[in-house]
2 protein chains.
Amino acid sequence: MNVRSYNLCPMARTSGSHSDITGPRLRAAAQRLFARQGYAAVSMRQIAAEVGVQAGALYNYIPDKQGLLFDLMKSHLDDLIAAWQAEAKGQNPLDALECFTRFHIRFHLERPDAVFIAYMELRNLEPENFAVIEDLRKRYETVLEDILRAGKESGVFSLPDTKLATMAVIAMLTGVTTWYRDDGRLSRDRIERIYWNMVRKAVGA
Amino acid sequence: MNVRSYNLCPMARTSGSHSDITGPRLRAAAQRLFARQGYAAVSMRQIAAEVGVQAGALYNYIPDKQGLLFDLMKSHLDDLIAAWQAEAKGQNPLDALECFTRFHIRFHLERPDAVFIAYMELRNLEPENFAVIEDLRKRYETVLEDILRAGKESGVFSLPDTKLATMAVIAMLTGVTTWYRDDGRLSRDRIERIYWNMVRKAVGA
DNA sequence: GTCTATAGACTGATAGAC
DNA sequence: GTCTATCAGTCTATAGAC
């Protein structure tokens, strides 16, 4: 949480020290390229060119390419869980499910690249990194599972199988990212409403 | 549709002519490896080792690596569309939707590797190949969209938006492939039933 | 902190022997 | 149809100058 000082620098330089901006730019470039071409198809030279430095300079900020991928995925999932915790309030199951439905769609549509990487690059994680990411992903799924279970137990929802309903709803909501376009037919809010209508009926509420 | 003759060959050979088995083995090995590691992360030498030949020999069967990927994806989608056409009968929308739901789950669970590749490797297709695959994918989506539209128009389904319902149902059903395990808690038939229960309610039937 | 240069290994694809 | 050998290029990551 240091105060950033580069704005105060009186000289613009084309080379030299840029520690406070190269790091974020590296992560942004990698996220964009990994999402478009895939982790395995992107070279460190390509990322470096996007950042505007030589490839060797990247290793001042990351241990290796794998560490860069892991960092991007973990940050995304940490953000997701933190954002939900900030959003969730003590609610009855029906309101909680509507809140989750709209939150999930909204959060995912705001970060298409991070979402794409989180779903597509799991197989490129080394085993120990994969275990960390899987754990975070399951923790998030549990949020929805808990809502559905509470609603089923209190008789508000009618569900043949809580676990399958969890997977079905998450898949349905996340699927929005595969077809949504900013210039599309429907606004995000309209999409949220339509999906909530379908989710509500699917869980028998 | 030639009669296969290698079963009649009296001699087992470790090298030489194997045109009638190397082709299928190549496709099978590539499908397995692409699904597990991703197209970009798999080398032709790795595929060749799995097949039991040297890398150069593969080029007797494929024009290049891209052609191999395209062939796998196109075959999968051709199979999918052909299988649905064999399955579909003249039915009312409700029966047709149940038929589609169960068909989609069953077909996808039987071919996990092909499904994985079809969804994950789209970005590794060259533009002209991508266009072909996208067209086939959309043709299959239209099957469901037509069922939902017919049901909505005849008043059997209650849908806020036919196009979004199409995407939502496909995403929900395809999602089964991400968590299904052969030794899991539920049989495939039980899963089909549970999903049909949720789909039926989601479309307001 | 970024540069240049490079080690050491791997890549897709092809040529020609058999 | 498969082999060996190879081309010409790519890759990640590091060392050392500045």
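Model, not experiment: these values are computed from the prediction. First the proteins, then the strands, lettered A, B, ... as listed; each starts at 1.
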Picking from C:dA13, D:dA13, C:dC3, the nucleotide nearest the side-chain atoms of A:Gln54 would be C:dC3
Sorted by chain and residue number, the ring-ring contact (aromatic ring centres under 6.0 Å, His included) partners of B:Phe103 (sequence neighbours excluded) come out as B:Trp84, B:Phe107
Pairs under 3.5 angstrom only: tabulate donor-acceptor contacts from the side chains of residues 75-82 of chain A to other protein residues two or more places apart or in another chain.
residue: A:Ser75; atom: OG; partner: A:Arg27; partner atom: NH2; Å: 3.3
residue: A:Ser75; atom: OG; partner: A:Asp71; partner atom: O; Å: 2.8
residue: A:Asp78; atom: OD1; partner: A:Lys74; partner atom: NZ; Å: 3.4
residue: A:Asp78; atom: OD2; partner: A:Lys74; partner atom: NZ; Å: 2.6

Between OH of A:Tyr59 and P of C:dT6 the distance, given in whole Å, is 18 Å
By nearest-nucleotide position on DNA chain D, the 5'-leaning member of B:Ala57 and A:Gly56 is B:Ala57
Donor-acceptor contacts under 3.5 Å from residues 194-205 of chain B side chains, at least two apart:
residue: B:Asn197; atom: OD1; partner: B:Lys201; partner atom: NZ; Å: 3.2
residue: B:Lys201; atom: NZ; partner: A:Ser158; partner atom: O; Å: 2.7

B:Leu58 atom CG is separated from C:dT14 atom P, nearest whole Å, by 13 Å
Please tell me if B:Tyr61 has a side-chain N or O lying less than 4.0 Å from either OP1 or OP2 of D:dT2.
yes
For residues 119-140 of chain B, the ring-ring contact (aromatic ring centres under 6.0 Å, His included) pairs (sequence neighbours left out) are B:Phe100-B:Tyr140, B:His104-B:Tyr140
By side chain to side chain donor-acceptor pair (under 3.5 Å), B:Glu87 pairs with (sequence neighbours left out) B:Arg106
When rounded to whole Å, the CD to P distance for the pair A:Gln46 and D:dC11 reads 8 Å
task = Inspect the contact between B:Arg32 and B:Glu50 and indicate whether a charged nitrogen and a carboxylate oxygen are less than 4.0 angstrom apart.
result = yes
For this session: Look only at the side chain of A:Lys152 and the backbone of A:Phe157, and say whether a donor-acceptor pair between them is shorter than 3.5 Å.
Result: no
Ranking D:dA13, D:dT2, C:dG1 by distance to the side chain of A:Asp64, first place goes to D:dA13
The correct set of residues in residues 37-44 of chain B placing a heavy atom under 4.0 Å from DNA chain C is B:Val42, B:Ser43, B:Met44
Rounded to whole Å, the CD1-C1' distance (A:Ile62 to D:dA13) equals 10 Å
Quick note, A:Asn60 side chain, CB onward, closest among D:dT14, C:dT2, C:dA13 is C:dT2
Side-chain atoms of B:Arg45 come closest, of C:dT4, C:dA13, C:dT2, to C:dA13
Against the side chain of B:Thr22, the closest entry in D:dC3, D:dT2, C:dT2 is D:dT2
Separation of D:dC11 atom C1' from A:Lys65 atom NZ, nearest Å, is 8 Å
Whole-Å distance, B:Glu126 CD to C:dG12 P, equals 14 Å
